[in-house]
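Keep in mind that this is a model prediction, so the values were computed, not measured.
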Amino acid sequence: MKKAPLIIHNTNKTAISLDVWYPEAKGNYPVVIFAHGFKGFKDWGHFGLLMQQLVDNNMVVVKFNFSGNGTTPEFMTDFVDLEKFGNNNWSIELGDLNTVVDFVEDNIVHYHGDKNNINLIGHSRGGGISILQTAKDHRIKKLITWASVASFDYFIDAIDIQQWENDGVVYTYNGRTKQNMPLYYQLYEDYIKNKSNLNILQQAEKIEQNWLIIHGSNDEAVSVDYAKQLHESNSNSKIYIIENATHTFGGKHPFEDEVLPTHSKQLIEETITFLISN
């Protein structure tokens, strides 16, 4: 396997850290773009081991950090830029993913990838962003969502909007890093302004591509009911529930094992089967 770490820039000229992993043998391989979730990053936990499984099955993997996830190109596994985190929103993330798809379309041939076979995998909030992208992007061939959200309302509804407007900021606590991470009021303003385009279930109805929904029955962060809602919204979708699996399918950060957890093995096996099927 070859690895190419790169920096690209979105339409706001903000850096997106990106890795291309690809088989050494020349070919024209399917491409998989991986989008991480909230308070996540491309190198979180066991994501690398999961992506390696795809490359081992003759696929090109593109994993990236959303531009406003709080990391920087110099510190890609630490939330050192909380100002950027606070000014992030779902429209920016959707623009980031579109920038990555543009990059793949224009450059992936140099990494043995097939620009006509671009697939998306999104985890958690990254799943919601991937759904929105797929609904409007004919370049995407297949979509796989892992423990995806079905709406952003769950996030908004948990906040006192009037207090948010008055203070200009609310904080979300990161139990792993012990950081209070800011979310500025612009997130809500952007959401209201673009609510139709950011309505995941509404946009999900438009997806014509084949779509695999995978969720754990014991997901403690995103209810498995969301997976069922997504499945009901689109007849092109398939749903696979992994019994007793949690939100990260047994993964954690840091992840020091060399073998995937049992539920993650099921996750990636179902994913690979779906990607290589006609």
Side-chain angles (χ1 to χ4, degrees), residues 1-10 14-22 30-56 59-82 84-85 88 90 92-104 107-108 111 113 118-133 140 143-149 174 176-177 179 181 214 221 247-257 260-261 264 267-268 271 275:
M1 179 174 70
K2 292 186 176 181
K3 300 181 180 181
L6 303 167
I7 302 293
I8 63 174
H9 294 84
N10 63 15
T14 308
I16 297 173
S17 300
L18 176 151
D19 296 325
V20 183
W21 291 5
Y22 57 106
V31 183
V32 178
I33 299 172
F34 175 70
H36 66 77
F38 184 52
K39 292 187 276 192
F41 40 88
K42 64 181 176 62
D43 299 314
W44 186 93
H46 63 331
F47 286 163
L49 277 179
L50 289 167
M51 296 303 109
Q52 186 174 337
Q53 294 296 309
L54 299 177
V55 182
D56 290 346
M59 301 179 202
V60 176
V61 167
V62 178
K63 57 189 181 75
F64 70 99
N65 282 338
F66 283 107
S67 64
N69 77 333
T71 66
T72 66
E74 296 78 24
F75 299 95
M76 288 191 282
T77 61
D78 297 304
F79 299 121
V80 296
D81 194 339
L82 294 183
K84 189 181 293 181
F85 180 91
N88 190 30
W90 296 303
I92 291 173
E93 291 193 347
L94 188 56
D96 286 347
L97 181 51
N98 193 70
T99 295
V100 174
V101 177
D102 287 345
F103 166 82
V104 167
N107 299 281
I108 208 64
Y111 306 97
I118 302 173
N119 308 275
L120 294 185
I121 296 177
H123 177 248
S124 193
R125 193 164 101 174
I129 298 297
S130 297
I131 291 167
L132 298 177
Q133 181 71 27
I140 306 306
L143 170 66
I144 304 99
T145 50
W146 296 347
S148 178
V149 300
N174 189 324
R176 181 181 64 84
T177 65
Q179 291 170 287
M181 306 178 74
I214 305 181
H247 187 59
T248 58
F249 304 92
K252 59 183 179 179
H253 187 85
F255 189 82
E256 298 174 349
D257 296 340
L260 285 170
S264 285
L267 172 74
I268 202 63
T271 297
L275 285 169

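- Judged by distance alone, the side chain of Ser264 and the main-chain N or O of Leu267 form no donor-acceptor pair under 3.5 Å.
- Atom CZ in Phe41 sits 5.5 Å away from atom OG1 in Thr77 (nearest 0.5 Å).
- Closest approach of Phe75 and Thr71 over heavy atoms only: O-CB, 3.3 Å.
- In this structure, Phe34 and Trp146 have tilted ring planes: the angle between them lies in the 30° to 60° band.
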Q | Full working for side chain to side chain contact (heavy atoms under 4.5 Å, CB included) between Thr14 and Ile92 | A | CA-CA 10 Å; Thr14 308; Ile92 291 173; over 6 Å; no
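- Here the options are Asp96, Asn98, Thr99, Asp102, the test is side chain to side chain donor-acceptor pair (under 3.5 Å), and the partner is Asn10; only Asp96 passes.
- Tested against Tyr22 for a side-chain contact (heavy atoms from CB on, under 4.5 Å), the candidates Met1, Met59, Lys2 yield a single pass: Lys2.
- Considering NE2 of His9 and CD1 of Ile7, their distance stands at 7.0 Å, rounded to 0.5 Å.
- Using a 4.5 Å heavy-atom cutoff, the side chains of Trp44 and His36 are not in contact.
- Heavy atoms only, all atoms of each residue included: His46 and Leu260 are closest at CD2-CD2, 3.9 Å.
- Distance OG/Ser124 to NE2/His247: 3.0 Å, rounded to 0.5 Å.
- Taking every heavy atom of both residues into account, Pro261 and Gly250 meet most closely at CG-O, 3.4 Å.
- For the pair Asn69 (side chain) and Gly40 (backbone), a donor-acceptor distance under 3.5 Å is present.
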Q: Would you sort out whether Tyr111 and Val62 count as a side chain to side chain contact (heavy atoms under 4.5 Å, CB included), showing the intermediate values?
A: CA-CA 10 Å; Tyr111 306 97; Val62 178; over 6 Å; no
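- Taken to the nearest 0.5 Å, the CD1 atom of Ile140 stands 7.5 Å off from the CG atom of Asn119.
- With rounding to the nearest 0.5 Å, the separation of CZ in Phe64 from NZ in Lys42 is 11.0 Å.
- Summarising the geometry, atom CG belonging to Leu6 is positioned 5.0 Å from atom CZ belonging to Phe103; distances are rounded to the nearest 0.5 Å.
- Annotation: side chain of Val149 is not in contact with side chain of Phe38 (no heavy-atom distance under 4.5 Å).
- Aromatic ring centres of Phe66 and Phe85: separated by at least 6.0 Å.
- In this pair, His123 and Phe47 present their aromatic rings perpendicular. The plane angle is above 60°, beyond the 30 to 60° band.
- Counting heavy atoms from C-beta outward, His253 and Asp43 have side chains that stay 4.5 Å or more apart.
- Minimum heavy-atom separation, Leu97 to Ser130: CD2-CA, 3.9 Å.
- Between Gly113 and Val31, the shortest heavy-atom distance links the atoms CA-CG2, 3.9 Å.
- In this structure, Ile121 and Leu54 have side chains that are in contact, with non-hydrogen atoms separated by less than 4.5 Å.
- Taking all atoms of both residues into account, the shortest heavy-atom contact from Gly68 to Asn88 is O-CB, 3.5 Å.
- A donor-acceptor distance shorter than 3.5 angstrom exists from the side chain of Gln179 to the backbone of Phe79, with no hydrogens or angles considered.
- Counting only heavy atoms from C-beta outward, the side chains of Glu93 and Arg125 approach each other to under 4.5 Å.
- Residues Ile118 and Ile108 form no side-chain contact, since every pair of their non-hydrogen atoms from C-beta on lies 4.5 Å or further apart.
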